There are 2 protein chains.
Amino acid sequence: MTPYKGIEKGFGMKKAPTLQDVAAEARVSTATVSRCLNSPDVVSEATRQRVLDAVKALDYAPNFGARALVAKRTLTIGAVIPTMENAIFAEGIQAVQDVLQAEGYMLLVSSSGYDPEAEADAVHTLAARGADGVLLIGLDREPSVYEFLATQQIPAVIVWTHDPNGSVPSVGFDNSAAMVEMTRHALSLGHKKIGVISGRTAGNDRARDRVRGVQTALSEAGIAPAKVIETDYGIAEGGAALSALLAQHPDLTLVICGNDVLAAGAIREARAIGRNVPGDLSITGFDDIGLAALVEPSLTTVRVPHRDMGEAAARAVLALLAGETVAGQALPTELMLRDSLGPAA
Amino acid sequence: MTPYKGIEKGFGMKKAPTLQDVAAEARVSTATVSRCLNSPDVVSEATRQRVLDAVKALDYAPNFGARALVAKRTLTIGAVIPTMENAIFAEGIQAVQDVLQAEGYMLLVSSSGYDPEAEADAVHTLAARGADGVLLIGLDREPSVYEFLATQQIPAVIVWTHDPNGSVPSVGFDNSAAMVEMTRHALSLGHKKIGVISGRTAGNDRARDRVRGVQTALSEAGIAPAKVIETDYGIAEGGAALSALLAQHPDLTLVICGNDVLAAGAIREARAIGRNVPGDLSITGFDDIGLAALVEPSLTTVRVPHRDMGEAAARAVLALLAGETVAGQALPTELMLRDSLGPAA
DNA sequence: TGACGTCTTGTAAGCGCTTACATGACGCCT
DNA sequence: AGGCGTCATGTAAGCGCTTACAAGACGTCA
């Protein structure tokens with residue numbers, strides 16, 4: 001096994017080339033080199049070529065700190081998401097990234113693990129790291145976070161939910177409305193005994209809105225509120241929650257899950273304990289992750305436009321950064337009717 | 001809908017306070033303020049208090065660019081991964097992130113979409129962004145990338161594969177050996193007509209090593225080489241590849257897939273065209289993503305320790321940064337025997 | 001021919017911070 | 001009392017880059 005030396009101290013230490021070095025190599029002033037890199041059209045063809053050759057020859061890369069110092073911006077956007085372990089966030093982030101990268105920005109990611117305090121910390125760190133703007137998931141957080149962002153003059157955009165009246169622009173969808181739609185459809189299939197497996201709702205407005213959507217549709221229809229159980233996100237957790245729910249309410253004909261991961265776990269558990277899905281128990285999800293169409297039976301769920309959302313959010317921060325006026329945006333969701341939801345037993 | 005103003009230009013624009021401002025407010029020199037912030041113990045109690053009060057009063061936050069310029073480091077690590085859309089990378093990155101965050105570093109992510117040129121670009125951008133170190137996936141890339149990193153004095157660590165002799169430390173596993181193990185096991189079940197659905201192998205040593213592993217095991221056993229088809233990664237692509245493969249070689253009893261996503265697609269397609277898995281066609285995957293245990297039939301695959309790998313890689317860059325000597329590391333993989341692989345028909 | 005644009009390049013002043021070095025105040029010893 | 005550590009603080013030199021301004025070269029037009 002080869003051992004690798006870290007940064008060489010002292011002796012062999014050859015510094016990275018600077019603008020000066022390039023200027024010397026190309027026999028021009030540093031100003032000219034800088035111009036070649038930032039506004040090439042103002043430099044003569046011949047000089048430009050000479051400079052670019054020198055840049056290549058020295059493998060020069062401008063110093064970030066110096067540039068940020070002068071330009072007063074870092075071309076960096078920070079994002080704080082609950083976790084990349086949920087495909088839905090990973091894909092959303094990928095979309096954000098694609099847009100940012102195309103515009104010359106980079107993404108600084110941070111995750112909170114669904115912990116509001118960790119999220120607040122992350123925002124501070126991001127600010128200290130010079131993020132020009134930040135992306136946040138959901139609305140729920142201490143007002144102090146928003147105040148901090150405001151004093152620091154750091155524009156923020158909220159994703160994954162849409163609040164037309166918030167103090168910060170939000171790009172997302174109406175979690176509650178989507179669940180109302182799903183629930184109404186289920187009601188039309190005759191379901192009356194309904195359970196909900198939700199993610200933790202504390203500090204999570206998306207989860208809360210989804211539950212609220214279900215209850216709204218039920219009360220609209222004059223049906224008893226759903227039995228709700230909260231759990232951490234995860235496949236195993238979804239399964240455990242289903243057992244717990246059924247243990248208390250064996251007569252449920254439908255279990256609505258807060259997301260697809262929970263639903264996948266619930267389906268697996270249901271089958272493991274011999275329940276026929278959707279024959280005697282229907283199960284639905286939310287998000288429409290890739291997995292949703294692959295499980296047996298395939299999952300009836302709500303398709304969330306994560307890519308569009310990520311892209312729109314990225315564009316929104318960029319617009320804010322450009323000093324433009326940005327209105328939030330509500331994106332449509334779509335009910336994906338598959339096999340896990342059937343008529344009530 | 002509320003419209004949100006971007007950065008205020010001109011008028012209302014109050015600049016963020018600088019060290020100077022704090023110094024003036026506290027009636028000390030900038031050096032003293034700096035010392036209060038960086039090595040408080042060298043400043044007298046009284047002065048320190050006065051300075052800290054000023055800091056608080058002005059809501060002062062040190063300028064990132066200036067600090068990076070002087071300190072010659074940004075406490076930022078860059079990572080270039082193919083895509084976050086594959087859960088395996090998303091989870092690996094999450095692990096990296098967790099370690100980095102705990103050590104006060106941040107992660108700058110970039111994705112290449114499996115394009116070597118885009119990856120090289122990303123490395124340059126990362127360097128320009130002041131990344132103190134970088135994480136790269138796999139070995140395959142232009143030597144110039146390594147040279148660039150070397151001149152820039154940016155330590156790099158390679159993940160997802162392990163090459164004991166590379167010029168850069170690598171933390172990963174032996175893709176080929178893992179496939180040899182999988183293939184040998186399949187052979188023990190009597191399979192003789194074998195196909196492989198691989199991701200694109202150009203510029204992707206992991207994919208190539210996996211295919212090589214299969215062929216190695218087959219030639220060892222004196223069996224004809226597997227029929228290989230290459231495709232982009234994706235569920236739909238996996239399905240299409242299976243059709244194509246079976247169209248040409250209808251007598252295959254086993255199709256080994258380069259990863260779980262391809263395998264999931266292949267399983268779905270196989271069932272769609274009426275093949276019984278594993279009854280008359282066995283299918284295997286690689287990675288053991290969450291999905292693997294949930295599809296029907298559950299997927300026989302190779303478990304890759306992505307979290308451990310991510311954590312180990314993050315520690316390795318940090319160690320390199322600290323000037324320590326780092327040896328690469330090989331992590332073990334594990335064969336996950338589930339239902340999609342059965343005896344040969 | 002000379003005044004005056006136009007185009008290209010150079011000069012040099014910072015950006016906000018850290019830190020080596022200089023300075024001054026104080027108390028102790030001989 | 002004079003000399004000398006010790007400690008707290010100030011002074012100022014950059015770090016690598018951008019950019020306002022200056023300067024030189026050249027061509028044009030009256």
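Lettering follows sequence order; numbering is per chain, from 1. Note that this is a predicted model, so its numbers are computed, not measured.
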Smallest separation among heavy atoms of A:L149 and A:V134, with atom names:
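Scanning both residues, the minimum pair turns out to be CD2-CG2, 4.1 Å.
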
How long is the gap from OG on B:S44 to CD on B:Q49, to the nearest 0.5 Å?
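With rounding to 0.5 Å, OG (B:S44) is 10.5 Å from CD (B:Q49).
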
With rounding to the nearest 0.5 Å, note down the distance linking CZ in B:R206 to OG1 in B:T161.
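One finds 8.0 Å between CZ of B:R206 and OG1 of B:T161.
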
With B for base contact, S for sugar-phosphate-only contact and - for none (protein heavy atoms under 4.0 Å), nucleotides 17-25 of chain D reads BBBB-----

Flag for A:D132-A:T74: side-chain donor and acceptor within less than 3.5 Å:
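Yes, A:D132 and A:T74 have a side-chain donor paired with an acceptor closer than 3.5 Å.
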
Just checking, any donor-acceptor pair under 3.5 angstrom between side chains of B:T125 and B:D121?
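No, no side-chain donor-acceptor contact under 3.5 Å.
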
Just the rounded figure in Å: distance from C1' of D:dG14 to NZ of B:K72.
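Interatomic distance, NZ of B:K72 to C1' of D:dG14: 10 Å.
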
Atom-to-atom span, CD of B:Q49 to P of D:dA8 - whole angstrom
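From B:Q49 CD to D:dA8 P: 16 Å.
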
Over 12 foreign heavy atoms within 6.0 Å of CZ, B:R307:
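More than 12 within 6.0 Å, yes.
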
Map B:A46 and B:L69 onto DNA chain D by nearest heavy atom, then report which one ends up closer to the 5' terminus.
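Its nucleotide being nearer the 5' end, the pick is B:A46.
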
For a quick test of reading the model: is some side-chain N or O of A:T47 closer than 4.0 Å to OP1 or OP2 of C:dT8?
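Negative; the distance criterion is not met.
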
